[in-house]
Protein chains: 2
Amino acid sequence: MRLMREEAIVDVVNRLLAEKGYEFMTVDEVAAEVGMAKASLYKHFASKEALAAAAMVRVLERALRAMDDIERDPRRPAVERLHEMLRWTMRTLYEGQMPTLPAQNSALRAVLGADKVYLNLVLRLSDRLGAWIVEAQRDGTLSANLPPEVVLFTLFARACDPVLPVLKASGQYSAEQIQDWLLETCFSGLSGSPKAAGSPAKAPRTAASARPAAQPNPSGHDQAAPGRRRGKSALTPG
Amino acid sequence: MRLMREEAIVDVVNRLLAEKGYEFMTVDEVAAEVGMAKASLYKHFASKEALAAAAMVRVLERALRAMDDIERDPRRPAVERLHEMLRWTMRTLYEGQMPTLPAQNSALRAVLGADKVYLNLVLRLSDRLGAWIVEAQRDGTLSANLPPEVVLFTLFARACDPVLPVLKASGQYSAEQIQDWLLETCFSGLSGSPKAAGSPAKAPRTAASARPAAQPNPSGHDQAAPGRRRGKSALTPG
DNA sequence: GTCTATATTTAGATAGAC
DNA sequence: GTCTATCTAAATATAGAC
């Protein structure tokens, strides 16, 4: 039952990568949560990088399966398929299932770049999404001003959207509400637009019903919950 | 000339934070680049966290000065002021002057949360931007569906936009082109919209003139340059 | 205030018994 | 394959002379 064991390991790695990112995930921690000795872990995976690569491979496989599901309905327009795919990404991110890699770890990059399975999955995902993008641009539902690769990168980047964890941590909004907003800002922008992205429009809010009070977080990733704020813009250091 | 010395130190810290992020910036490296011994550095700043905090304070001060400049023309609509501010952010990021903090370093968060100067700057920046946002929502130039704090977070998040470094590294596009695209996707979304964000519309491109080929980078932050790609979607591991 | 040299801690990885 | 115990490297931080 080696495969079961390794599946359990990747489960833990995936969760820890989503929770704290690659840098702050320690192998000791992984071993402890799986319930085995660290040395035993290394019998299954050669390095910390290999652990991360395994988690990445699995999430890419899941993403491709999500695309399969979305393509099951052949009449759905390309732009709607892209909406659905972004919704899958937001849901995965919201549920703490989206692993996040580090800024620029050359060792990790070397491992990923040498992993044929990983590279092949990235390639397939990019090509299939690229096809949807070009199709949506042809039929005018996606901006044709942007090169397809800019659109692709922009969608990929949503997988580590720092806004989602902040909104989630605030505890003020429902999961669906948060995901709707992020879809809307991605496809329609902050200015709003003719067509709402994805789901039907929600009940409009009054403009000044919430007063902004925020901490900038240039690093991305989640911060500690800022808590409910009251009054005229207070900060909660953490 | 202690202040000059410390200014030089913060210069180096700022650049290194922008280049490699907090995690991969080492104090040895800072000392080496400044040209002084590490122990001397610690006479000026108590810790690595204090170094990062100093860089953050400085960039916030610069951001506030940028807002001053933008507000100098009182007739400019709020949404255009927001455009200008995002353009400042994109320019700073493009020039490698935007420091990036780590995912969730509790020690660093404690230092920042205890830094009165830092907190005060964050507060002022948030309040002033928040006022612009509410104003733009009132006059209908910004979506009133979004709570102001969602808009604010979304704009803050652009300071660590992972798309910019990828596009920059590709070497295919000019700085202005990249910044225009990112402004457009932020305010008008991927679907495109009635009004172009910020600057006048550029010459339209044909939809399929660039073929997407990408590596997903869920962590955000910059990857190594993928290089020019040719043919039908090849990957450059790095 | 600056330096050389060193202390301390942490975390990735391994040795070797069973 | 799993374990305990250990090695090693890197990086933050400090001692103490000048």
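Please read all numbers here as calculations on a predicted model, not as lab measurements. All chains are named by letter (A, B, ...) in the order of the sequence lines, taking the proteins before the strands, and each is independently numbered beginning at 1.
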Would you call [X] and [Y] a salt bridge, taking side-chain N to carboxylate O under 4.0 Å as the test?
X	Y	result
Arg65(A)	Asp68(A)	no
Asp69(A)	Arg72(A)	yes
Arg124(A)	Asp127(A)	no

Could I get a table of every N or O pair under 3.5 Å where one atom is in the protein and the other is in nucleotides 13-15 of chain D?
unit_1: dA13(D); atom_1: OP2; unit_2: Tyr42(B); atom_2: OH; d: 3.0
unit_1: dA13(D); atom_1: OP2; unit_2: Lys48(B); atom_2: N; d: 2.9
unit_1: dA13(D); atom_1: N6; unit_2: Lys38(B); atom_2: NZ; d: 3.0

Report which part of the nucleic acid Met1(B) touches: base, sugar-phosphate, or nothing (heavy-atom distance under 4.0 Å, all strands).
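Nothing: the residue Met1(B), judged by heavy atoms under 4.0 Å, touches no strand.
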Under 4.0 Å, heavy atoms only, any strand: does Thr26(B) hit a base, just the sugar-phosphate, or nothing?
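Since only primed, P, OP1 and OP2 atoms lie under 4.0 Å of Thr26(B), the category is sugar-phosphate.
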Validation: residues 49-61 of chain B side-chain donor-acceptor distances under 3.5 Å, sequence neighbours left out:
unit_1: Glu49(B); atom_1: OE1; unit_2: Ser47(B); atom_2: OG; d: 3.4
unit_1: Arg58(B); atom_1: NH1; unit_2: Glu7(B); atom_2: OE2; d: 3.1
unit_1: Arg58(B); atom_1: NH1; unit_2: Asp11(B); atom_2: OD1; d: 2.8
unit_1: Arg58(B); atom_1: NH2; unit_2: Asp11(B); atom_2: OD1; d: 3.0

Side-chain donor/acceptor of Lys168(A) to backbone N/O of Ile178(A), under 3.5 Å:
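It does not hold such a pair.
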Are any non-hydrogen side-chain atoms of Leu164(A) and Met90(A) less than 4.5 angstrom apart?
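Leu164(A) reaches Met90(A) side chain to side chain.
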Below 4.5 Å, heavy atoms only, C-beta onward: do Val111(B) and Tyr118(B) meet side chain to side chain?
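No - every pair of side-chain heavy atoms lies 4.5 Å or more apart.
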Please name all residues satisfying side-chain contact (heavy atoms from CB on, under 4.5 Å) with Arg91(A), sequence neighbours left out, ordered by chain then number.
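Arg91(A): side-chain contact (heavy atoms from CB on, under 4.5 Å) contacts with Arg87(A), Trp88(A), Glu95(A), Gln179(A).
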Using heavy atoms and a sub-4.0 Å distance, could you list which residues of residues 2-13 of chain B are near DNA chain D? By number, please.
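Output list: empty, so none.
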What residues form a side chain to side chain donor-acceptor pair (under 3.5 Å) with Lys38(A), not counting sequence neighbours?
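With sequence neighbours excluded, Lys38(A) shows a side chain to side chain donor-acceptor pair (under 3.5 Å) to Asp28(A), given in chain and number order.
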Heavy atoms only: give me the nearest Thr185(A)-Leu190(A) pair and the separation to one decimal.
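Nearest pair, atom of Thr185(A) first, then Leu190(A): CG2-CD2, 3.9 Å.
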Distance under 4.0 Å to a non-hydrogen atom of chain B counts as contact; along DNA chain C, which nucleotides mark the start and end?
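Here the contact window of chain B covers dG1(C) to dT4(C).
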